[in-house]
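First comes the structure, then the notes that go with it.
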Amino acid sequence: MQLRKIWDGGVRLFHWSQLLLIIGLWWTAEQELFGFHMLQAYVLASLVGARIIWGFIGSETARFRHFVPTLNRLLEYRRNPQPVAGHHPLSALMIIALIVAVVLQWGSGLMASDDLSAEGPLYSLVSSDFADFADGFHHWWFNTIIALAGIHALAAIWHQRQGDKVITAMFSGKKAINADAEINLKPGMYVLFLTAVLLFCCYLWQGENVMMMVKADAVTVGWITITQ
Ligand code: HEM
Ligand code: HEM
């Protein structure tokens, strides 16, 4: 066994900023600060979009084909549950569920409305029945994300305590694995670049609207004052 780098900076940046943004999204929704809410939602969408692209063109350990849990991989892991250079097949199942869950939460937000001043950009483009459904979904689906993320975090803590330092690895990028494992990492900066490009696309689409709402929220929380 040898301490080797298995995660590029892009994967780590994606993971921990995603966690912070989801906490921020919940908090801003609770406070009814929907400008901040939407701003964070577009940053999250750009990160998730960049991570999905990275899953096809990125470092070997970040690629979906490297960790999509096939039956063979699951059985092999059951026979020989050793630290692996990448995601464990079981955690990979949860990881895919989490990515899908976050995308659904995001998509339903586009059609949600607080029936006052905030509405997603697709709210007025779909039928009112569908918008009601999406809005309800946006509320209760968040509980599913909390439940999945809770199980995922507990499993990670369990692995960590068993000596397979998966949480440390998500911070440092390094894990003790088989010295012969072949790992081909690419610069994580590309993920940052992809995120910036996607964020710019979001800006072109919704920037003006979101910036107006962010300003209104900044007034509400007292960060800026309006002078006549
Ligand atoms: C809303 C909360 C969370 C979400 C949506 C989430 C989602 C994800 C995703 C999508 C990945 C795959 C990363 C990639 O390949 O790019 C991942 C990996 C991982 N997450 Fe989380 N996560 C959350 C919270 C946490 C927390 C609180 C912890 C720590 C206790 C944690 C520990 C880990 C670890 C250790 C891995 C790597 C697993 C492995 O080595 O197979 N996650 N998570
Ligand atoms: C993954 C990203 C997102 C997360 C985690 C999230 C989370 C939440 C949560 C938890 C609530 C409900 C708060 C409560 O029950 O009081 C909420 C409400 C809301 N969200 Fe999001 N949201 C996300 C994306 C979006 C997006 C992309 C938009 C629109 C651009 C959006 C617009 C709204 C609106 C308008 C509401 C108010 C709905 C109502 O009061 O009926 N959200 N969000």
Side-chain angles (χ1 to χ4, degrees), residues 6-8 10-16 18-35 37-45 47-48 50-52 54-55 58-59 61-64 66-67 69 83-123 131-132 134-143 145-160 164-171 175 177 188 191 202 205-206 209-210 213:
I6 63 163
W7 301 122
D8 60 60
V11 166
R12 291 177 282 145
L13 170 86
F14 158 69
H15 186 266
W16 298 115
Q18 173 189 234
L19 175 60
L20 294 179
L21 284 165
I22 289 177
I23 295 171
L25 279 155
W26 161 78
W27 190 79
T28 47
E30 287 298 315
Q31 303 301 313
E32 299 183 2
L33 296 169
F34 290 110
H37 187 75
M38 288 182 192
L39 180 64
Q40 292 180 94
Y42 289 113
V43 176
L44 179 62
L47 269 169
V48 173
R51 177 63 186 91
I52 291 174
W54 200 236
S59 303
T61 49
R63 292 202 185 197
F64 295 121
H66 188 266
F67 65 83
V84 290
H87 293 307
H88 294 272
L90 261 186
S91 59
L93 260 184
M94 179 57 96
I95 281 165
I96 289 164
L98 278 165
I99 294 176
V100 172
V102 169
V103 169
L104 289 176
Q105 179 77 26
W106 188 82
S108 57
L110 298 179
M111 291 165 270
S113 162
D114 67 347
D115 297 326
L116 281 169
S117 55
E119 58 184 47
L122 305 186
Y123 175 75
D132 279 352
D135 189 71
F137 181 91
H138 196 66
H139 274 266
W140 67 259
W141 188 251
F142 189 66
N143 299 320
I145 295 187
I146 296 177
L148 292 177
I151 298 170
H152 162 77
L154 285 177
I157 293 167
W158 183 82
H159 279 295
Q160 179 87 8
D164 182 2
K165 307 274 187 215
V166 290
I167 301 179
T168 315
M170 254 301 145
F171 282 106
K175 194 161 90 161
I177 49 157
V191 177
C202 291
W205 182 38
Q206 283 298 309
N209 183 25
V210 172
M213 291 179 68

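Computed from a predicted structure; not experimentally measured. No hydrogens, no waters, no symmetry mates; every other heavy atom, side chains included, goes into these values. In listed order, ligands and their atoms are each counted from 1.
An N or O contact shorter than 3.5 Å is missing between Trp7 and ligand 1 by distance. In terms of polar-atom proximity, defined here as any N/O pair under 3.5 Å, Trp106 makes no such contact with ligand 2. Residue contacts with ligand 1: Ser91 is placed with a nitrogen or oxygen under 3.5 Å of a nitrogen or oxygen of the ligand (distance criterion only).
Among all non-hydrogen protein atoms, the one lying nearest atom 3 (C) of ligand 2 is Gln105 CG, 3.6 Å. For atom 36 (C) of ligand 2, the closest non-hydrogen atom of the protein is Phe34 CE2, 3.3 Å. Looking at atom 40 (O) of ligand 1, its nearest protein heavy atom turns out to be Val166 CG1, 3.6 Å. Looking only at protein heavy atoms, the nearest one to atom 29 (C) of ligand 2 is Gly109 O, 3.1 Å. With hydrogens left out, the protein atom closest to atom 26 (C) of ligand 1 is Ala153 CB, 3.9 Å, a heavy atom. Considering only non-hydrogen protein atoms, atom 13 (C) of ligand 2 sits nearest to Ala29 CB, 3.5 Å. Here the heavy atom of the protein found nearest to atom 15 (O) of ligand 2 is His139 ND1, 2.8 Å.
For ligand 1 and Ile99, the ligand atoms under 4.0 Å from any heavy atom of the residue are 10 (C). Against a heavy-atom cut-off of under 4.0 Å, His88 is close to the following atoms of ligand 1: 41 (O). Shown in contact with Phe14 at under 4.0 Å from a heavy atom are these atoms of ligand 1, numbered in order with element: 10 (C), 16 (O).
The closest approach between any non-hydrogen atom of Leu44 and ligand 2 is below 4.0 Å. Using a 4.0 angstrom heavy-atom cutoff, Tyr42 counts as in contact with ligand 2. At least one heavy atom of Pro121 sits closer than 4.0 Å to an atom of ligand 2.
Under 4.0 angstrom from ligand 1, the non-hydrogen atoms of Leu98 all belong to its side chain. Proximity of Ile167 to ligand 1, defined as any heavy-atom pair under 4.0 Å, is shared by backbone and side chain alike. Residue contacts with ligand 2 for Asp135 involve side-chain atoms from C-beta outward but no N, CA, C or O (heavy atoms, distance under 4.0 Å). Counting heavy atoms closer than 4.0 Å to ligand 1, residue His87 contributes atoms from both its backbone and its side chain.
Nearest residue to atom 2 (C) of ligand 1 from Ala155, Ala149, Ser59 is Ala149 (criterion: closest heavy atom). Remark: among candidates Arg51, Met94, His15, Gln18, the nearest residue to atom 14 (C) of ligand 1 is Arg51, based on non-hydrogen atoms. Here atom 39 (C) of ligand 2 lies nearest to Ser113 when heavy atoms of Ser113, Cys202, Ala112, Gly136 are compared.
With hydrogens and angles ignored, the 3.5 Å screen pairs a side-chain donor or acceptor of Arg63 with a backbone N or O of Gly58.
When rounded to 10 degrees, the angle formed at atom 21 (Fe) of ligand 2 by NE2 (His138) and NE2 (His37) equals 170°.
By the 6.0 Å contact criterion, CH2 on Trp16 is enclosed, its count of non-hydrogen atoms from other residues, nucleotides or ligands being greater than 12.
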